[in-house]
Amino acid sequence: MSEYFNVSEIFGENVFNDSVMQERLPKKVYKKLKEVIQEDREMDLETADVVAHEMKEWAIEKGATHYTHWFQPLTGVTAEKHDSFITAPMPSGKVLMSFSGKELIKGEPDASSFPSGGLRATFEARGYTAWDCTSPAFVRQDAAGATLCIPTAFCSYTGEALDQKTPLLRSMEAINQQSLRLIRLFGNTTSKRVTPSVGAEQEYFLVDHEKYLKRKDLVFTGRTLFGAMPPKGQEMDDHYFGAIRERIAAYMRDVNKELWKLGVSAKTQHNEVAPAQHELAPIYAEVNIAVDHNQLVMETLKKVAGRHGLRCLLHEKPFAGVNGSGKHNNWSIITDDGINMLDPGKTPHENIQFLLVLTCILKAVDKHADLLRESAADAGNDHRLGANEAPPAVISIYLGEQLQDVMSQLISTGEATRSLKGEVLQTGVKSLPDFMKDATDRNRTSPFAFTGNKFEFRMVGSNDSIAAPNVVLNTIVAEAFSDACDILESADDFEEAVHDLIKKQASEHQRIVFNGNGYSEEWIEEAQRRGLPNINNLVDAVPALTTEKAVALFEKFNVFTQAELESRGEILYENYAKALNIEARTMIDMAGKQIIPAVIKYTSTLANSINGVKAACDADVSVQIGLLKEVSNLLAEAKKALTKLCEAADQAGAMEVGREQAICCRDQIKTAMEALRKPIDQLEMIVDKEMWPMPSYGDLIFEV
Ligand code: ADP
Ligand code: MG
């Protein structure tokens with residue numbers, strides 16, 4: 001039976017948010033903490049002690065017994081180490097519950113178990129977590145009890161970033177500074193801080209838990225490694241569909257409730273293209289909070305599924321031939337007093353600033369398309385980007401008709417720039433009507449689309465953190481702003497200089513703009529003519545991290561050192577090789593222990609039937625014989641492919657971790673996996689369903 005709840009009552013009830021702090025902290029401490037949060041001041045221990053104490057008291061009221069520094073190492077999932085609040089027993093035998101400022105600010109997890117890509121030799125395993133007071137602490141309640149979770153950054157002892165959050169916070173600082181520079185040029189003297197805002201739409205699949213457990217590939221790798229497509233035109237009967245809806249609706253309701261308690265503003269939910277696919281989108285938030293919230297969304301989707309006899313699949317491509325899952329990263333830059341720099345605005349003055357911002361983004365994305373692509377690279381996403389489906393692996397920007405028109409005018413009406421200032425700007429501006437949210441902004445095939453007052457980066461994988469793409473976005477746009485400000489700050493005639501710069505940037509980076517169908521073959525060819533990179537796999541994407549231009553960019557804005565960039569590349573290769581190795585081993589196991597034995601059983605049934613029928617009446621058994629031959633041939637092909645896959649896996653397994661190994665996985669293992677899958681999927685279509693050792697695509701996707 002449903003339990004009813006009042007959203008406004010439960011929203012944020014488990015978050016140590018601003019109103020809780022205001023209520024609980026002494027005025028002076030609250031004020032200090034706000035300064036630390038808003039103005040990047042250092043936190044003193046005295047303040048931290050008081051905050052920690054109140055946080056603990058509050059958490060205990062919510063039932064918390066433990067606290068954890070909650071962080072995002074480079075494994076893709078969040079990590080935590082739980083400590084209880086209890087102190088050593090007192091002489092009376094009782095214990096106290098304590099939590100100090102020091103414990104709040106800094107933790108020391110065993111860093112050796114997290115990837116560091118060579119940044120930290122294992123004998124120097126120390127790393128530490130540092131409180132990120134800009135993302136609020138929260139209490140998570142589940143079967144394990146209640147835990148106070150403190151969002152933290154994770155660094156090596158020498159200060160190198162070992163996580164997603166550290167570079168993200170650094171990149172936020174970069175874009176803050178450069179954005180302030182830019183808006184000051186346009187006369188804004190009041191805004192104090194500029195922060196990227198992000199809303200991440202999350203796609204996922206739901207399958208039945210019992211069926212999930214019968215598929216080792218789903219259990220070990222998160223995706224199916226075998227599976228023939230269900231018969232075309234499989235129709236659902238309405239009644240049945242209604243029942244599915246109810247189960248899913250109950251699940252979504254539960255997910256929303258959990259998220260609301262955690263202060264995540266889950267807003268929209270709907271069914272996606274594929275039958276068992278769904279989407280959840282929160283209301284946008286400041287980027288570091290949006291990143292943390294997206295982790296919470298993923299955790300919650302998985303956790304709540306268990307309670308409903310379901311399993312949530314976050315893999316980018318759980319089923320070959322069926323639409324995959326991604327994440328749309330909606331990004332804009334907003335001042336502390338609410339001005340969205342990506343909002344075209346209504347006055348000419350705002351329009352000019354907007355056009356400058358827009359052309360800076362064109363420049364940033366054009367110059368660093370390879371980095372953006374890299375930021376969305378993970379083993380799972382290789383099955384989407386540039387493989388069988390959208391978005392394409394080529395980065396391009398969709399502007400929409402209206403904006404494109406403005407751009408074209410800017411580029412073609414050359415005289416406008418050279419005429420007198422003021423007047424010309426105004427004529428230019430007259431051709432810029434209100435940029436209303438464009439009704440034609442429904443281009444779904446673009447990887448990077450302007451949608452009214454934000455950009456939507458659609459390449460991110462469903463299973464990946466959104467941190468890396470936002471680090472790249474923030475930093476490349478900061479660079480373009482910085483370049484623009486360098487020119488404009490020293491210009492004698494600002495108006496003319498800004499006009500020239502807009503025109504220059506629009507012209508020079510037109511090649512990145514594409515408003516057509518991004519899925520078409522012609523576009524891929526056109527993109528090649530334009531010289532846009534088309535990187536369709538992780539191994540080819542990683543080198544973008546350490547090009548000269550990337551190192552210069554990230555070092556200039558103190559986001560990554562070269563060593564940090566190199567380590568990230570190493571980790572990507574390592575994670576990729578690991579993922580492929582697990583997939584290969586799982587396939588070998590399933591084919592060798594489940595599928596081939598089942599097929600052999602089926603061949604004996606066929607053989608027996610042939611002999612039986614012949615003995616009984618000497619009837620025509622050509623059908624059975626034909627089938628037996630077909631199955632036996634495919635079986636032989638499968639066995640051969642299995643042997644090859646074993647060899648490839650052994651070869652890669654024997655290699656040293658790094659790029660060469662990743663290449664071997666991509667070229668040898670992947671090919672061998674495909675070769676094995678082919679005959680087995682064909683066999684699945686022939687062999688008696690009763691004998692097939694695992695649920696089919698149809699069972700998994702249609703019968704949730
Ligand atoms: P779609 O048409 O793609 O479904 P929506 O307009 O519903 O998109 O918004 C999708 C996501 O974009 C939501 O998470 C929403 O909160 C977020 N969003 C809306 N405006 C902004 C903005 N200015 N900056 C960042 N994200 C935004
Ligand atoms: Mg979207």
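Excluded from the calculations below are hydrogen atoms, water molecules and symmetry mates; all remaining heavy atoms, backbone and side chain alike, are included. Each ligand, and each atom within it, is numbered from 1 in the order the structure gives.
Ionic pairing of E508 and K367 is not present here: no N-O contact between side-chain nitrogen and carboxylate oxygen is shorter than 4.0 angstrom. Comment: E201 does not engage R458 in a salt bridge, judged by the lack of any side-chain N to carboxylate O separation of less than 4.0 angstrom. Here K327 does not pair with D464 in a salt bridge; the nearest charged N to carboxylate O distance is not below 4.0 Å. Comment: E80 engages R140 in a salt bridge, judged by a side-chain N to carboxylate O separation of less than 4.0 angstrom. A salt bridge links R307 with E258: the closest approach of a Lys/Arg side-chain nitrogen to an acidic carboxylate oxygen falls below 4.0 angstrom.
Residue contacts with ligand 1 include E201, since one or more of its heavy atoms lies under 4.0 Å from the ligand. Distances from ligand 1 to the non-hydrogen atoms of K267 include no value under 4.0 Å. Every heavy atom of T268 sits 4.0 Å or more from the atoms of ligand 1.
Nearest to atom 11 (C) of ligand 1 by heavy-atom distance, out of I334, N330, T451, is N330. The closest non-hydrogen atom to atom 15 (C) of ligand 1, taken over P282, P196, A266, comes from P282.
Relative orientation of the F319 and F205 rings is perpendicular, given thresholds of 30° and 60° on the angle between their planes.
For the pair Y284 and ligand 1, the shortest N or O to N or O distance falls below 3.5 Å. Considering backbone and side-chain N/O of H328, none are found under 3.5 Å from N/O of ligand 1. Not one N or O of A200 is nearer than 3.5 Å to an N or O of ligand 1, by distance alone.
With W70 as the fixed residue, the side-chain contact (heavy atoms from CB on, under 4.5 Å) test singles out one of L296, T147, L148: L296.
In the vicinity of I283, heavy-atom distances shorter than 4.0 Å reach the ligand 1 atoms 16 (O). Set against the non-hydrogen atoms of G199, the atoms of ligand 1 under 4.0 Å away are 14 (O), 26 (N). Within ligand 1, counting atoms from 1 as listed, the ones closer than 4.0 Å to a heavy atom of N340 are 23 (N).
For K192, the NZ atom sits in a loose shell: 12 or fewer heavy atoms of surrounding residues, nucleotides or ligands are nearer than 6.0 Å.
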